[in-house]
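The structure appears right after this line, and notes come after that.
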Amino acid sequence: MIKNLRLYAKYASVCTQSIMQYKLSFFLMIVGRFILAFNELLAIKFLFSGFTQLGGYSYGDVLLCFSVVQMSFTFAELFGNGFKIFSGMVRRGEFDRMMLRPCSLVLQVIGTRFEIGRTGPLLTALITLALGIRHSEVTWNLMTVWTMAAMIVCGTLLFIGLFMLEASFCFFSIEDTSLINVLTYGAKSHGKYPIDIYGKGILRFCTYIIPYTLIQYYPLQFLLGRTRDWRLAFYPLGILVFLVLCNLVWRFGVRHYKSCGS
């Protein structure tokens with residue numbers, strides 16, 4: 001494990017040095033992505049300029065929800081972006097070379113793309129989190145801090161798992177599919193609001209099919225004090241099971257991989 005972490009750190013260092021060769025481009029990338037993400041925050045602000053609550057949730061509650069999803073997705077893109085460009089590796093025959101190396105395939109894939117420029121939306125998420133803490137009525141203690149941290153960390157693993165599923169489909173279709181984009185980018189857009197405002201059908205789908213509710217809706221209920229059931233604070237850990245399933249699909253794809261040449 002330590003060896004893999006050191007190797008990934010070297011991957012990240014090389015990718016960062018490559019990006020920093022063009023400092024102006026890097027700066028403009030950060031600013032551009034920050035502005036795009038900040039517009040979503042402004043949309044929430046404009047929405048609550050005409051309403052005091054949305055489905056029983058206050059402005060501060062929605063900001064906390066938005067910050068969790070934004071941070072999770074940003075960290076997932078930062079650390080797992082290699083899976084998003086995996087179809088290109090397959091088409092160019094680069095994955096063939098990876099399979100010859102005595103190193104974890106997952107580590108090699110995620111190590112090929114470490115985009116520090118993805119931190120632009122992270123700045124928006126931190127601002128949103130600060131505003132959410134200010135405007136919400138959350139009682140911050142050890143359990144609520146744990147809940148917030150678990151939602152962000154496990155949310156990151158959830159999106160990385162979805163990126164891994166998208167990459168796994170490339171073993172059979174060569175090209176990536178737009179279906180997973182609906183589940184990732186769609187979740188990022190709609191996940192800025194508590195999932196139960198979309199109705200029971202969406203809530204069930206996001207519980208039993210793609211478990212967004214484990215890192216958003218259920219722990220959020222405990223965080224906001226809408227329930228005293230402390231077990232909800234540990235629901236995000238259920239994402240570890242989902243990640244194992246995603247890894248099994250990935251391994252199945254690797255076993256059935258056929259090179260398409262270069």
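Fair warning: this is a prediction, and the values are worked out from it, not measured in the lab.
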For Tyr212, give me all partners under ring pair (Phe, Tyr, Trp, His ring centres under 6.0 Å), at least two apart in sequence or on another chain.
none

Can you sort out the partners of Tyr218 under ring pair (Phe, Tyr, Trp, His ring centres under 6.0 Å), two or more places apart, ordered by chain and number?
Tyr235

Are Cys65 and Gln216 side-chain neighbours, meaning at least one heavy-atom pair lies under 4.5 Å?
yes

If you look only at pairs with a residue in residues 123-149, which of them pass as a ring pair (Phe, Tyr, Trp, His ring centres under 6.0 Å), with sequence neighbours excluded?
Tyr59-His135, Trp146-Phe234

Going by the rule salt bridge (Lys or Arg N to Asp or Glu O under 4.0 Å), which residues pair with Arg231 if we only count those two or more places apart in sequence or in a different chain?
Asp229

Suppose we screen for side-chain contact (heavy atoms from CB on, under 4.5 Å). Which residues come up paired with Leu105, at least two apart in sequence or across chains?
Phe95, Met98, Met99, Gln108, Trp250, Val254

Table please: side-chain donor-acceptor pairs of residues 30-50 below 3.5 Å, with sequence neighbours left out.
{"from": "Asn39", "atom 1": "ND2", "to": "Ile35", "atom 2": "O", "distance (Å)": "3.4"}
{"from": "Glu40", "atom 1": "OE2", "to": "Lys188", "atom 2": "NZ", "distance (Å)": "3.2"}
{"from": "Ser49", "atom 1": "OG", "to": "Phe46", "atom 2": "O", "distance (Å)": "2.4"}

Name all pairs fulfilling the salt bridge (Lys or Arg N to Asp or Glu O under 4.0 Å) condition that reach into residues 54-83, sequence neighbours left out, sorted by first residue then second.
Glu77-Lys84, Glu77-Arg118

Considering residues at least two apart in sequence or located in another chain, which fulfil the side-chain contact (heavy atoms from CB on, under 4.5 Å) criterion with Val249?
Leu165, Ser168

Partner set under side-chain contact (heavy atoms from CB on, under 4.5 Å) for Ala76, not counting sequence neighbours:
Thr156, Phe159, Ile160, Phe163

Show which side-chain atoms of residues 197-206 pair as donor or acceptor with protein atoms under 3.5 Å away, not counting sequence neighbours.
{"from": "Tyr198", "atom 1": "OH", "to": "His190", "atom 2": "O", "distance (Å)": "2.7"}

Quick one: list whatever passes side-chain contact (heavy atoms from CB on, under 4.5 Å) with Thr147, sequence neighbours left out.
Met151, Pro219, Phe222, Leu223, Ala233

Quick test of your reading: applying salt bridge (Lys or Arg N to Asp or Glu O under 4.0 Å), list the pairs with at least one residue in residues 241-251, sequence neighbours left out, ordered by first then second residue.
none

Are any of the side-chain heavy atoms of His256 and Phe171 separated by less than 4.5 Å?
no

Do Thr144 side-chain atoms and Thr139 backbone N/O form a donor-acceptor pair below 3.5 Å?
yes

